[in-house]
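Along the sequence shown, the residues carry numbers beginning at 1. Because only heavy atoms are used, hydrogens play no part in the values below, and waters and symmetry mates are left out as well, while side chains stay in.
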Amino acid sequence: MVYLNFTNLDGETQERLLSVSKEDVESRAGTELRQFAETHDKDYDALLEEEAMRNLYNYDFVFNM
């Protein structure tokens with residue numbers, strides 16, 4: 001097994017994982033994030049991307065080779 005963090009992955013893999021992470025964050029906290037964005041006059045998509053990146057850095061990626 002190989003243990004990597006998000007920055008060790010190639011660009012294509014990072015984009016795919018970021019997309020999956022965005023979907024995960026949106027399903028778990030999309031409503032609250034949207035309300036926060038509206039209340040504080042922030043860009044929802046930018047907030048979603050930031051939260052998705054934070055979400056990714058909480059994981060260790062393990063690959064079987």
Side-chain angles (χ1 to χ4, degrees):
M1 283 190 258
V2 177
Y3 294 88
L4 301 170
N5 66 28
F6 182 68
T7 57
N8 295 121
L9 305 175
D10 67 2
E12 182 180 328
T13 305
Q14 286 183 2
E15 287 298 318
R16 185 173 52 82
L17 290 172
L18 182 59
S19 174
V20 170
S21 182
K22 281 182 183 179
E23 292 173 6
D24 181 40
V25 168
E26 196 164 26
S27 70
R28 285 187 293 115
T31 305
E32 294 86 2
L33 199 57
R34 192 173 304 280
Q35 288 174 347
F36 178 83
E38 290 174 3
T39 303
H40 293 59
D41 197 31
K42 302 283 185 181
D43 180 27
Y44 172 74
D45 292 326
L47 288 173
L48 179 60
E49 180 127 357
E50 289 174 16
E51 288 299 318
M53 289 298 286
R54 279 192 203 110
N55 187 42
L56 284 172
Y57 282 103
N58 289 329
Y59 296 108
D60 289 324
F61 300 97
V62 179
F63 298 91
N64 293 320
M65 300 174 93

Output side-chain donor-acceptor pairs under 3.5 Å for residues 35-43, partner residues at least two apart or in another chain, one line each.
| from | atom 1 | to | atom 2 | distance (Å) |
| --- | --- | --- | --- | --- |
| T39 | OG1 | Q35 | O | 2.8 |
| H40 | ND1 | F36 | O | 3.3 |
| D43 | OD2 | A46 | N | 3.4 |

Subject >> side-chain contact (heavy atoms from CB on, under 4.5 Å) between R16 and T13, worked out >> reply: CA-CA 5 Å; R16 185 173 52 82; T13 305; 4.1 Å; yes
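Other residues, nucleotides and ligands place no more than 12 heavy atoms under 6.0 Å from the CD atom of E12.
Hydrophobic clustering (ILVMFWY, side-chain heavy atoms < 4.5 Å, transitive): M53 and L48 are in distinct clusters.
Here the rule is side chain to side chain contact (heavy atoms under 4.5 Å, CB included) with N55, and of D24, V20, L17 only D24 fits it.
One finds the CD atom of E23 at 10.5 Å from the CG atom of L18 (value rounded to the nearest 0.5 Å).
A pairwise comparison of heavy atoms in S21 and A52 identifies OG-O, 2.9 Å as the closest pair.
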